[in-house]
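Because the structure is a prediction, the values reported are computed rather than measured. Sequential numbering from 1 along the given sequence is applied to the chain's residues. Atoms within a ligand are numbered from 1 in the order they appear, just like the ligands themselves.
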Amino acid sequence: MIPAPKKIKQYVKEFPLAGLYRFHFLSGGHDPILPKLASDIEKRLQHVSKYYEVDPRTKIDIVLNLQPFPSKKPDGYYELEVSPGFFALNAESIAGMNYAARTLMQHLYINRANQDEDSFALLPRISVKDWPTYQWRGMHLDVSRHFYDHNFVKKYLDWMVGLKFNRFHWHLSDDQGWRLESKRFPLLHEKGSWRTESDGSKYGGHYSLRQIKSVLKHARLRGIEVIPEIDIPGHSMAILAAYPELACFPREFEPMNVWGISEDILCAGKDETIEFLKELFTEIAELFPGQYIHLGGDEAPKQRWKECPHCQKRMRDNGLKDEEALQAWLVKTLATHLKKLGKTVIGWDEILDGGIDSKPVVMAWRGDGIDAARMAHDNGNKYILTPYTKLYFDARCHKLDKIGTHQIIFWSDVLGFSFQEYTFENPKLLLGAQGNVWTEHLTNVRDLREKVSGRMFPLAERLWNGDGEIDVQDFWMMASTLNWIL
Ligand code: ACM
Ligand code: ZN
């Protein structure tokens, strides 16, 4: 299975799969997760019985038991028993229950795939105790450069939970488009979500609040936390297109129709910008129920700030030595505001450049991420690994691959990912890792799936089980068997 369970006992004896299933919910039976999971499992069982003869007279009792374990377990822990006539799924969290169900489904599927055509459906008895090594098992999706609608996002969440990922980083705003309905600042979606392409055509779209909420519900049922990212103060041309007065030197702005970095960024000197951002992030904080909000912070050129009287005054008033320190001041101001709303801020590793306190969580992305991880660690910040040279899933997959960024990241490179070089004196600060999916070059679902699918399997395995020996041949055989997940 992928990721491989930490502890699995498989008995030699197999038993014939029954034709009838009866679900039982223990405690938490009112939670919508249980009937939903039951229907997923039932679909999988029906899938098996479509291809194989099952005994229509016997039945299987399937017990979904969602309640606390008597002793302390790691987050995401679950147990699964598969025995004749009786399947038991035990977990104390919705995430754990999802993992139990997914392990069961993989077991059913693998054994269906392994059986010859005219045998009965036989299933090996198993007993599983399982938990993840890393708590941050993330996938990112950029919906600004190319827009992927809410139905696709739900499918993406299904791919994720199939491999036991638990953090969805939703990159909702960038220079090329704003993607979120805002009640407080409606020009963001009215103006900021459409760009004029070089041939004159319009490209864009955004999610309505209803659609966002339906995605959030989908995620909750799968034990996935959604982390919204509003990238500031750089990568903000879509915001400036809607509210140009927030720039150092206002003029008419448009969402960009080329890739690259804009010199125009939000002005950190104007009180108006700070008020705008506080209100905007309040709206985001109220909409998204999770602990984390990502405020970007990457690739913000400082030329405008150097020339801007408002920014220079802010620096003088606060004794800030340079423009990097001004960015750190901005991050701190917003982090303090968001903390009052119960949220923890995440930023790309540039937020370390101007000197910040240890509260924000850092995503180490530049280069191989080792220097950034070290910097975050030494400053006492928790950090997540998203290194450009290793976990940028928009890279080309091999030499002949024509779609993607210019660098090549082989599937096997991802399987070779090692946490060791990012682990320092205090290993608790390393939360986990994440695959980043930027979409400058990924214009449609087919291309995106091709880039992402072969890399999600090995990353899932590494995140769940950490470093260690893997039989490479077995791994890829298993990944191709389980390809249905994506
Ligand atoms: C990034 O790739 N600009 C975080
Ligand atoms: Zn300014």
Report yes if some N/O of W348 lies less than 3.5 Å from some N/O of ligand 1; otherwise report no.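 Between W348 and ligand 1 (N or O atoms, distance only) the closest approach is not under 3.5 Å.
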
Looking only at distances, please establish whether an N/O atom of ligand 1 is found under 3.5 Å from an N/O atom of Y392.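 Yes; at least one N/O pair falls below 3.5 Å.
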
Taking the ring centre of each residue, are W159 and F168 less than 6.0 Å apart?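 When the ring centroids of W159 and F168 are compared, they turn out to be at least 6.0 Å apart.
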
Rounded to 10°, how many degrees is the angle SG/C248-the Zn ion (ligand 2)-SG/C308?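 Rounded to 10°, it measures 110°.
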
Three-point angle C311:SG, the Zn ion (ligand 2), C267:SG, rounded to the nearest 10°: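 With the Zn ion (ligand 2) as the vertex, the angle is close to 110°.
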
Work out whether the distance between some heavy atom of Y388 and some atom of ligand 1 is less than 4.0 Å.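 Not so, Y388 does not reach ligand 1.
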
Kindly confirm or rule out a cation-pi arrangement of R374 over F424, judged by NZ or CZ under 6.0 Å from the six-membered ring centre and within 45° of its axis?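 Judged by the rule (NZ or CZ under 6.0 Å from the ring centre, within 45° of its axis), R374 counts as positioned above F424.
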
Which part of E299 is near ligand 1, with near meaning a heavy atom under 4.0 Å away: side chain, backbone, both or neither?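 Under 4.0 Å from ligand 1, E299 contributes side-chain atoms alone.
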
Closest non-hydrogen protein atom to atom 3 (N) of ligand 1, residue and atom name please, with distance?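 Scanning the protein heavy atoms, the shortest distance from atom 3 (N) of ligand 1 goes to D298 OD2, 2.6 Å.
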
Do N151 and D149 pair up side chain to side chain, a donor and an acceptor below 3.5 Å, judged on atom types alone? no

No-hydrogen, no-angle side-chain donor-acceptor test under 3.5 Å, E229 and H171: yes

Using a strict 4.0 Å threshold on nitrogen-to-oxygen distance, state whether K306 and E323 make a salt bridge.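 Salt bridge: yes.
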
Proximal atoms of ligand 1 relative to W438 (non-hydrogen, under 4.0 Å): 1 (C), 2 (O), 4 (C)

Taking the side chain as every heavy atom from C-beta outward, state whether V215 and Y207 have any pair of such atoms under 4.5 Å apart. no

